[in-house]
Asks: 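Pasting a structure here, questions to come.
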Amino acid sequence: MTDTLTSPAWAQPHTDLTGSTVVVVGGAGGVGEGVVRALLAAGATVVATSRSAGRLDEFARRIDDPQLHVRELDLLDPALTEEASTLATEFGGLHGVVISVADWGRQGRKPLLELSDPEWEDQLRQNQTTVFRAYRAFVPLLGSDGMILQLNGLSADLPFPMAAAVAAGSAATKSLTRTLAVELDGQGPRIYELILGFVRTRPRQLAGVDDPNWIPATDVGVHIAEVAAGTSPLAGHTVHYFTDQASGPSAG
Ligand SMILES: NC(=O)c1ccc[n+]([C@@H]2O[C@H](COP(=O)([O-])OP(=O)(O)OC[C@H]3O[C@@H](n4cnc5c(N)ncnc54)[C@H](OP(=O)(O)O)[C@@H]3O)[C@@H](O)[C@H]2O)c1
């Protein structure tokens with residue numbers, strides 16, 4: 001398993017998030033778990049969310065860290081804005097939010113022209129509306145020293161045959177993030193888009209799918225912790241790429 005935290009060669013020497021609360025939406029997911037672990041290691045209080053109470057129970061038991069809190073949250077819930085506000089109040093303010101959300105849909109791999117209307121609409125809601133609603137709910141809760149970061153894949157930039165709706169969501173949410181950063185123009189929290197190559201995650205490993213050349217999920221988290229703390233040399237850039245395990249993240 002890759003869930004022990006070893007510091008990558010490119011990591012900064014001191015990342016201290018003590019006293020900061022970071023919400024990881026989709027924190028019980030594959031990449032989310034690595035992000036949660038790295039944020040905890042940096043001293044943050046972490047709120048990991050999932051739509052499933054059972055998944056959160058198992059996750060909290062497995063991570064077993066007093067700084068970890070788990071909460072049910074669905075980005076498509078009509079009451080999302082109120083729920084986000086309640087979270088911020090409960091934790092005395094939020095320093096950061098990480099959106100680690102993806103949904104491949106039930107249609108499986110399919111050519112674009114064979115997607116039905118319901119399959120298209122479902123993908124639109126799951127991979128685009130979710131991110132829009134997360135920004136609308138959480139950005140107003142974050143201070144100017146805070147940050148919100150969306151995780152994305154390379155299909156934000158590249159064709160993704162047989163997964164057109166997923167790719168459309170990736171490209172659209174990259175656009176949302178960049179536009180939001182320009183609209184805020186430094187007047188709100190820092191806004192980030194982190195585009196990833198293949199990541200080594202626990203669910204993948206449990207399914208027997210692994211490659212030592214892929215990026216450990218905790219390395220993704222180490223970068224995000226540095227961005228949240230403002231110690232990353234990339235903290236002034238909106239778009240980051242992390243596609244090569246050895247060289248680490250770079251500005252887009
Ligand atoms: N794995 C990779 O190699 C890889 C590569 C490139 C980019 N990424 C990016 O990394 C991020 C996470 O991917 P992953 O591989 O970790 O996938 P994952 O294990 O399937 O996790 C995705 C998470 O999205 C959450 N989610 C889905 N719909 C949601 C909704 N309506 N409201 C709230 N949460 C919702 C799910 O939470 P619950 O089901 O628990 O509610 C799940 O934990 C995605 O942005 C993906 O594009 C991953």
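Note that ligands are numbered from 1 as they come in the structure, with each ligand's atoms numbered from 1 the same way. What's counted below: heavy atoms across the whole structure, side chains too, no hydrogens, waters or symmetry copies.
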Asks: Can you find an N/O atom of R204 closer than 3.5 Å to an N/O atom of ligand 1?
Replies: yes
Asks: I'd like to know if the side chain of Q245 reaches the main chain of P212, judged simply by a donor and an acceptor atom lying under 3.5 Å from each other, with no hydrogens or angles considered.
Replies: yes
Asks: Would you check if the side chain of R200 reaches a backbone N or O of I215 as a donor-acceptor pair within less than 3.5 Å?
Replies: no
Asks: Which protein heavy atom lies closest to atom 36 (C) of ligand 1, and at what distance to 0.1 Å?
Replies: R51 NH2, 3.8 Å
Asks: So, taking the atom named CD in E83 and the one named CZ in F138, what distance separates them when rounded to the nearest 0.5 Å?
Replies: 9.0 Å
Asks: I'd like to know whether CZ of R204 has more than 12 heavy-atom contacts from other residues, nucleotides or ligands below 6.0 angstrom.
Replies: yes
Asks: Give the residue and atom name of whichever protein heavy atom lies nearest to atom 21 (O) of ligand 1, and the separation in Å to one decimal.
Replies: G29 CA, 3.7 Å
Asks: Which heavy atom of the protein is the closest neighbour of atom 10 (O) of ligand 1, given with residue, atom name and distance?
Replies: V31 CG2, 3.8 Å
Asks: Heavy-atom distances under 4.0 Å decide this one: backbone, side chain, both or neither, for Q150 against ligand 1?
Replies: neither
Asks: What is the closest protein heavy atom to atom 5 (C) of ligand 1, and at what distance does it sit?
Replies: G197 O, 3.2 Å
Asks: Taking side chain as C-beta onward, heavy atoms only, is Y192 less than 4.5 Å from Q150?
Replies: no
Asks: With a 4.0 Å cut-off on N to O distance, would you call E33 and R37 a salt bridge?
Replies: yes
Asks: Please assess D157 against K174 for the test salt bridge (charged side-chain N to carboxylate O under 4.0 Å, His left out), listing each intermediate value before the final yes or no.
Replies: CA-CA 9 Å; D157 298 318; K174 179 184 178 189; 2.7 Å; yes
Asks: Please state which protein non-hydrogen atom is closest to atom 38 (P) of ligand 1 and give its distance, to 0.1 Å?
Replies: R55 NH1, 3.3 Å
Asks: Using a heavy-atom cut-off of under 4.0 Å, does the side chain or the backbone of T130 touch ligand 1, or both, or neither?
Replies: side chain
Asks: Report yes if P203 has an N/O atom closer than 3.5 Å to an N/O atom of ligand 1; otherwise report no.
Replies: no
Asks: Please confirm whether R125 comes under 4.0 Å of ligand 1, counting heavy atoms of the residue only.
Replies: no
Asks: Is it the case that the side chains of N152 and Y241 hold a donor-acceptor pair, with the cut-off being a distance below 3.5 Å and no angle test?
Replies: no
Asks: Side chain or backbone, does T49 bring an N or O within less than 3.5 Å of an N or O on ligand 1?
Replies: no
Asks: Judged by atom type as modelled, is there a donor-acceptor pair below 3.5 Å linking the side chain of R190 to the main-chain atoms of V227?
Replies: yes
Asks: May I ask you to list the atoms of ligand 1 that are less than 4.0 angstrom from any heavy atom of F198?
Replies: 3 (O)
Asks: Are W104 and F160, when compared by the centres of their aromatic rings, separated by less than 6.0 Å?
Replies: yes
Asks: Can you check which of N127, V101, L56 brings a heavy atom nearest to atom 34 (N) of ligand 1?
Replies: V101
Asks: Residue-level breakdown please: for N152 versus ligand 1, do any non-hydrogen atoms fall below 4.0 Å on the side chain, on the backbone, on both, or on neither?
Replies: backbone
Asks: Output yes when a side-chain donor or acceptor of T218 lies under 3.5 Å from a complementary backbone atom of G221, and no otherwise.
Replies: no
Asks: For a quick check under 3.5 Å, do N127 and T173 share a side-chain donor-acceptor pair by atom type?
Replies: no
Asks: Of the listed options (S50, G30, G153, A217), which comes nearest to atom 47 (O) of ligand 1 when hydrogens are ignored and any heavy atom counts?
Replies: G153
Asks: Which ligand 1 atoms, with their elements, are less than 4.0 angstrom from a heavy-atom of L75?
Replies: 30 (C), 31 (N), 32 (N), 33 (C)
Asks: Checking contacts here: is it the side chain or the backbone of L73 that comes within 4.0 Å of ligand 1, counting heavy atoms only? Could be both or neither.
Replies: backbone
Asks: Note the single closest protein heavy atom to atom 46 (C) of ligand 1, along with its residue, its atom name and the distance in Å.
Replies: A102 CB, 4.0 Å
Asks: Would you say Q126 and ligand 1 have an N/O pair spaced under 3.5 Å apart?
Replies: yes
Asks: Among protein heavy atoms, which sits nearest to atom 45 (O) of ligand 1, and what does the distance come to when rounded to 0.1 Å?
Replies: L151 O, 2.9 Å
Asks: For atom 12 (C) of ligand 1, what's the nearest protein heavy atom and its distance?
Replies: S100 OG, 3.3 Å
Asks: Within the distance-only criterion (no hydrogens, no angle test), does the side chain of S52 pair as donor or acceptor with the backbone N or O of R55 below 3.5 angstrom?
Replies: yes
